[in-house]
Chemist: 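The structure is given below, and queries will be raised subsequently.
We count residues from 1, following the sequence as given. Worth knowing before you read on, the calculation uses all heavy atoms, side chains too, and leaves out hydrogens, waters and symmetry mates.
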Amino acid sequence: MNFYIGNSIDKINEQNDNVEFSDDLINFIYKLRKKVPCDMSKLYGINPYSDVEIPKSDLFQIIEICEYILNTSLLQDYEDAEEGNQMLRDLVKISEKAISKDLGLISIGD
């Protein structure tokens with residue numbers, strides 16, 4: 001799936017900056033949910049096969065989840081941990097950029 005800045009699926013430009021996020025990484029994070037003390041559902045609950053509008057209000061929690069995973073090395077057992085960490089860092093960056101523009105994100109599924 002790919003994340004774009006915007007509030008409406010109909011109004012995104014797929015030529016704009018985006019962040020690619022692996023379906024395998026979402027599945028891996030979903031499997032971690034019982035091992036961590038925080039709710040990560042705002043991230044693993046995004047359907048990787050559908051187009052989803054993510055409101056700005058959810059981005060703060062998504063950033064916290066990504067930073068928690070990065071800071072606790074939860075991806076050490078992920079098949080490609082460095083790539084997974086980079087995807088999380090990129091998601092944080094695009095989320096912060098969306099917040100600064102007073103927008104949400106759009107996830108375009110596979």
Side-chain angles (χ1 to χ4, degrees):
M1 69 181 147
N2 291 67
F3 290 99
Y4 296 85
I5 295 174
N7 287 332
S8 171
I9 292 168
D10 299 333
K11 294 183 180 180
I12 66 162
N13 180 349
E14 292 190 23
Q15 303 304 316
N16 288 347
D17 290 339
N18 68 86
V19 170
E20 186 172 346
F21 210 83
S22 165
D23 300 349
D24 291 335
L25 181 56
I26 286 289
N27 291 331
F28 186 85
I29 292 169
Y30 177 77
K31 291 175 185 172
L32 290 174
R33 75 190 185 286
K34 294 181 182 177
K35 298 178 183 179
V36 297
C38 64
D39 177 13
M40 297 191 300
S41 63
K42 291 289 185 193
L43 182 56
Y44 71 68
I46 300 169
N47 186 335
Y49 307 107
S50 294
D51 298 343
V52 180
E53 295 174 356
I54 304 163
K56 178 182 141 188
S57 59
D58 287 356
L59 297 183
F60 298 100
Q61 190 171 0
I62 288 173
I63 291 169
E64 286 178 10
I65 293 164
C66 292
E67 290 177 345
Y68 178 81
I69 294 169
L70 289 165
N71 293 333
T72 56
S73 302
L74 286 172
L75 295 187
Q76 65 188 6
D77 295 329
Y78 181 63
E79 183 178 315
D80 191 346
E82 186 51 43
E83 180 182 55
N85 285 324
Q86 187 60 51
M87 284 186 240
L88 290 169
R89 286 190 291 270
D90 291 345
L91 183 54
V92 167
K93 286 179 190 174
I94 200 167
S95 295
E96 289 172 340
K97 192 173 182 180
I99 290 169
S100 74
K101 294 181 175 191
D102 201 30
L103 296 169
L105 290 180
I106 305 297
S107 170
I108 303 297
D110 296 335

Chemist: For D90, enumerate each residue passing the side-chain hydrogen bond (donor to acceptor under 3.5 Å, both in side chains) test, keeping only those at least two apart in sequence or located in another chain.
Modeler: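 D90 satisfies side-chain hydrogen bond (donor to acceptor under 3.5 Å, both in side chains) with Q86 once adjacent residues are dropped.
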Chemist: Only pairs at least two apart or in different chains count here, so list each ring-ring contact (aromatic ring centres under 6.0 Å, His included) that has a residue in residues 72-110.
Modeler: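 Sorted result for residues 72-110: F28-Y78.
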Chemist: Mind jotting down which residue pairs meet the side chain to side chain donor-acceptor pair (under 3.5 Å) criterion with at least one end in residues 66-77? Sequence neighbours excluded, please.
Modeler: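 Sorted result for residues 66-77: empty, none.
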Chemist: Tell me which pairs pass side chain to side chain donor-acceptor pair (under 3.5 Å) where either residue lies in residues 19-30, with sequence neighbours left out.
Modeler: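 Sorted result for residues 19-30: Y30-R33.
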Chemist: For residues 81-110, pull every pair meeting ring-ring contact (aromatic ring centres under 6.0 Å, His included), keeping only residues two or more places apart or in separate chains.
Modeler: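 ring-ring contact (aromatic ring centres under 6.0 Å, His included) check on residues 81-110 returns no pairs.
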Chemist: Return the set of residues passing salt bridge (charged side-chain N to carboxylate O under 4.0 Å, His left out) with K97 (not counting sequence neighbours), or none when no residue passes.
Modeler: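 Listed in chain order: D17.
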Chemist: Stepwise, does the side chain to side chain contact (heavy atoms under 4.5 Å, CB included) test hold for I29 with Y44?
Modeler: CA-CA 6 Å; I29 292 169; Y44 71 68; 4.3 Å; yes
Chemist: Does the side chain of N16 come within less than 4.5 Å of I5's, by heavy atoms?
Modeler: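 Heavy-atom side-chain distance check fails, nothing below 4.5 Å.
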Chemist: Not counting sequence neighbours, which residues clear side-chain contact (heavy atoms from CB on, under 4.5 Å) with L59? List them please.
Modeler: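 By the side-chain contact (heavy atoms from CB on, under 4.5 Å) rule, L59 matches I54, I62, S95, A98, I99, L105.
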Chemist: With sequence neighbours excluded, what pairs up with N7 under the side-chain hydrogen bond (donor to acceptor under 3.5 Å, both in side chains) test?
Modeler: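 Residues passing side-chain hydrogen bond (donor to acceptor under 3.5 Å, both in side chains) with N7: none at all.
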Chemist: When Ile, Leu, Val, Met, Phe, Trp and Tyr are grouped by side-chain heavy atoms lying under 4.5 Å apart, directly or through other members, which residues fall in the same group as I108?
Modeler: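 Via sub-4.5 Å side-chain contacts, I108 links to Y4, I9, I12, I106.
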Chemist: Just so I know, are the side chains of I65 and L88 near enough to count as touching, which here means a heavy-atom distance under 4.5 Å?
Modeler: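 When only atoms from C-beta onward are counted, L88 and I65 do not touch, as no gap falls below 4.5 Å.
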Chemist: For residues 35-64, pull every pair meeting salt bridge (charged side-chain N to carboxylate O under 4.0 Å, His left out), keeping only residues two or more places apart or in separate chains.
Modeler: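 Residue pairs passing salt bridge (charged side-chain N to carboxylate O under 4.0 Å, His left out), neighbours aside: K42-D58, K56-D102.
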Chemist: Is K93 close to V19 at the side-chain level, that is, under 4.5 Å between some pair of heavy atoms?
Modeler: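 Contact flag for V19/K93 side chains = no.
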Chemist: Side chain to side chain contact (heavy atoms under 4.5 Å, CB included) between I69 and M40: does it pass, once the steps are laid out?
Modeler: CA-CA 10 Å; I69 294 169; M40 297 191 300; 4.0 Å; yes
